[in-house]
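One structure is given below, encoded as structure tokens.
We name chains A, B, ... by the order of the sequence lines, and we start the count at 1 in each one. Computed from a predicted structure; not experimentally measured.
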Amino acid sequence: MSHVPGMIQSIERSSAVLRLLAAGPDRLRVKEIADALGLPKSTAHSILRTLEHVGFVEQDPRTARYRLGRGLLDLGSAGMDANELRGRALNWADALAARSGEEVRLGVLDDNRVLVVHHVFRPDDSAQSLDTGVRLPLHATALGKVLLAYSAPAEESAVAAGLDPYTRRTLIDRRELADALTETRTRGWGLSVEEWRPGVAGIAAPVRTSGGLVVGAVGIAGPVERLTDTRRQARPALVEHVVAAARSISRDVAG
Amino acid sequence: MSYVLAVDQGTTSTRCILFDRRATVVAVERAEHPQSYPRPGWVEHDAARIWRDLQRLIRKVLRGVDPSQVAAIGIANQRETTVLWDRSTGVPVAPAIVWQDTRTDVSTLDAEFLKSRTGLPPATYFSATKIQWLLDRTPGLRERAERGDVLFGTMDSWLIWNLTGGALHVTDVTNASRTMLMNLTDLDWDPELLDLFGVPRAMLPEIRSSSEVYGTAGAVLPGVPIAAAIGDQQAALFGQTCFEPGEAKCTYGTGGFLLMNTGTTPVRSSHGLITTVGYRIGDRPPVFALEGSIAIAGSLVQWMRDGLGLIGTASEIETLARTVEDNGGCYIVPAFSGLFAPYWHSEARGVIVGLTSYITKAHLARAVLEATGWQTRDVVDAMNADSGLALTALNVDGGMTADNLLMQIVADFLQVPVVRPMVAETVSLGAAYAAGLAVGYWSDQRDLRANRHRAGSWKPGLDSGRRAGEYANWRRAVECAVMFSRDGQDGLR
């Protein structure tokens, strides 16, 4: 296979593997793919394993032959299945609630909103109800700021839809929001202090799948005085818990 | 800082979890062990491998923690799985026969006699016929067992024996209650049952409570008290702190296990449920439980994924089911290998009924989840009837509790709140609690209750008229499953 300088060879080869699998209805063996592309069998195998990991090819467990994967069909629909995400996050979200003493939410981007896909109660046995399925504003919550920070199109469309004020602290200026999102990306976690509801603060961090793609955000929410110090800065111990939980979920999601 | 170490020796894996005083998970280590299927219906484990796994897991989970910081170790285990080993060498004399193994024959056993003595119906699950099978088929084994040179144990006994370097041969009363050799009235080995199955008493462990210091561990955990042994489903009941009569938990996995605390006297079921020991703390009176199982729960979702290819991952069932408002009139009865409690019809086979051209795969997905909901309702109704207690809330755990729609369906169908606790590892937590109680790490059961926090709860929402109508349809669907079997003309008993 010829290789153009300045291009990444393994991506060229992977593309060729996908075209080969797409070309015919038959499922192919590793050797057939290696032979067709003039690759060593071990190289073809590594490429197929990687493509399988990201969901672009699938291997029939009985015949060991490869075909195109469902991941290619889903390319257009962003992110991962919300219920799948919840299943992976369940244990980590519980541990986050237990360690932080605050309620935990897992959110994904959905039509200019944060869609809450999982909610764990604050561990104090007060009356609480599940708000899975509830939609929260993107620009005014920690979860939303994290989701916006890693998606330029989402930021653009949120700004276009108008930055509604919820409190006097809500970021309603697009430049102020852009600065806050840059800060979120730089430190790797998001904070909102009384920007949505008076008296309430939130800390959140991104959940990433393989390749670093952000598929959701996990965070805690609670009274300002518990989540932040007197200078309204997030308490470092809580940030550590949130970031660690997000990392654990990411490891699980990325497989 | 001190901790309690819990071991969850399960069917597919062994887990070690370190808990702190607030019942928070501090560290987890897990190892899967192979399942061996040497012939159709046979399922075996390598008990020596499981013991090696446990030693490695203990060392890993204690990284950075000195054994002196471990207040106690507690063991929860897969129930009924049968290990026979040589007392002098400590080597198993045969592969362990797993509870799922169906090689033994129970067709000639007297069901009424066994139920009255043990609370158990004749089934291949329980240890007695597995021991009998090994003793009958291995030359010289029964003689060695009679001399006490070969010992029997469920996984709890096997691991405690190894942890103490062969010094202790004990089991707890919950595990003993699943052997089909223990008399439920005096909680001791029953001479008539031993005679019936040809099991020498010399090979049996001493029956102790679920929560007491049996002894101290040797090399792997020098000086740490071994303070609990309890069957895994009972451990989940204990971990969920279902300490009052009428409190129940359901663990949703490939199947479902529902246990209800019935207090200090055993309740004999007239609806085909199992009467079992729930737990016993030291020399206090034993607490009994009724147990009902849902044979097919998560495995129906797996079938939809692998058998029908309608979904890519198990979690997508919820996404698909949520695209429609209701089941469209479609019902699935997953009687893949017959109907269990409370129907007990082994010839019944699964059916999908109510099909019209309107039905899509989304309606099927909904019917799949509803089948788990109705099966739970069937078991709960039987328990309420047997115990005379009315379930007021269902505590849930297990992988399927991630499915919010399923949990809402269960709440709707049972008409009681469904509650998910903060610590999902209820089996391990139950073992930790039982061990911690025995050494005073936690002072009493009220102390344990204080650790319990709700992570989520679902309130019943369906209006009663619609629920009644749907339930009537489910019962008709169940009748179809019976009618379709060869002897279905007889209908439901």
Side-chain angles (χ1 to χ4, degrees), chain A residues 55 58 60-62 67 69-74 77 79-106 108 110 115-134 241 245 248-249 252-253 255, chain B residues 15 17 19-20 22-28 30 298 301 305-306 309 311-323 365 369 396-408 411 417-426 428-429 449-459 461:
Chain A
E58 284 168 11
D60 186 317
R62 273 171 314 191
R67 58 165 184 249
R70 292 167 51 100
L72 285 172
L73 301 173
D74 302 340
S77 64
M80 69 186 291
D81 184 271
N83 297 309
E84 175 81 23
L85 186 58
R86 182 193 314 120
R88 307 269 186 167
L90 202 64
N91 282 342
W92 306 114
D94 284 351
L96 177 56
R99 294 207 174 104
S100 66
E102 304 295 345
E103 58 180 327
V104 171
R105 284 184 185 78
L106 181 70
V108 298
D110 185 70
L115 173 64
V116 177
V117 298
H118 183 44
H119 178 202
V120 182
F121 290 167
R122 189 172 53 249
D124 61 4
D125 291 327
S126 58
Q128 301 168 65
S129 58
L130 282 184
D131 62 9
T132 310
V134 165
H241 287 320
S248 300
I249 300 169
D252 220 313
V253 165
Chain B
R15 272 190 274 202
I17 302 191
F19 287 97
D20 65 16
R22 288 167 57 207
T24 320
V25 174
V26 176
V28 189
R30 176 174 187 272
V301 177
R305 181 192 65 195
D306 304 333
I311 45 174
T313 66
S315 306
E316 280 173 31
I317 188 96
E318 183 178 353
T319 313
L320 185 57
R322 276 192 194 277
T323 60
L369 296 179
V396 295
D397 50 68
M400 274 185 104
T401 57
D403 194 320
N404 277 349
L405 180 58
L406 174 64
M407 294 301 106
Q408 185 60 55
V418 166
V419 182
R420 190 174 76 80
M422 193 70 81
V423 180
E425 304 280 357
T426 54
S428 298
L429 187 60
R449 259 280 159 86
N451 286 327
R452 182 188 162 84
H453 300 296
R454 277 174 291 137
S457 70
W458 293 266
K459 296 183 193 78

Interatomic spacing from CZ in A:Arg88 to OG1 in B:Thr313 - rounded to 0.5 Å: 8.0 Å
From CD1 (B:Ile317) to CD (A:Glu84), nearest 0.5 Å: 13.0 Å
Are any of the side-chain heavy atoms of B:Glu425 and A:Asn91 separated by less than 4.5 Å? yes
Treating B:Arg22 as the side-chain partner and A:Ala98 as the backbone partner, does any N or O pair qualify as donor plus acceptor under 3.5 Å? yes
Quick one: do A:Asp94 and B:Arg420 make a salt bridge, cutoff under 4.0 Å? yes
Taking every heavy atom of B:Ala402 against every heavy atom of A:Leu90, the minimum-distance pair comes out as CB-CD2, 3.9 Å
Pairing donors with acceptors under 3.5 angstrom, does anything connect the side chains of A:Asp81 and B:Ser315? no
Could you go through B:His453 and A:Asp124, starting from their C-alpha distance and side-chain angles, then the distance that decides it, and tell me whether this counts as side-chain contact (heavy atoms from CB on, under 4.5 Å)? CA-CA 7 Å; B:His453 300 296; A:Asp124 61 4; 6.0 Å; no
Is it the side chain or the backbone of B:Thr319 that comes within 4.5 Å of chain A heavy atoms, both, or neither? both
Enclosure of B:Trp458 CH2 (heavy-atom neighbours >12, cutoff 6.0 Å): yes
Apply side-chain contact (heavy atoms from CB on, under 4.5 Å) to A:Ser129 and B:Lys459, showing your working. CA-CA 9 Å; A:Ser129 58; B:Lys459 296 183 193 78; 3.8 Å; yes
How long is the gap from CG on B:Asn404 to CZ on A:Arg86, to the nearest 0.5 Å? 4.0 Å
Given B:Glu316 and A:Asn83, is the side-chain contact (heavy atoms from CB on, under 4.5 Å) satisfied, shown in steps? CA-CA 6 Å; B:Glu316 280 173 31; A:Asn83 297 309; over 6 Å; no
Can you tell me how far CE of B:Met422 sits from CZ of A:Arg122, rounded to the nearest 0.5 angstrom? 10.0 Å
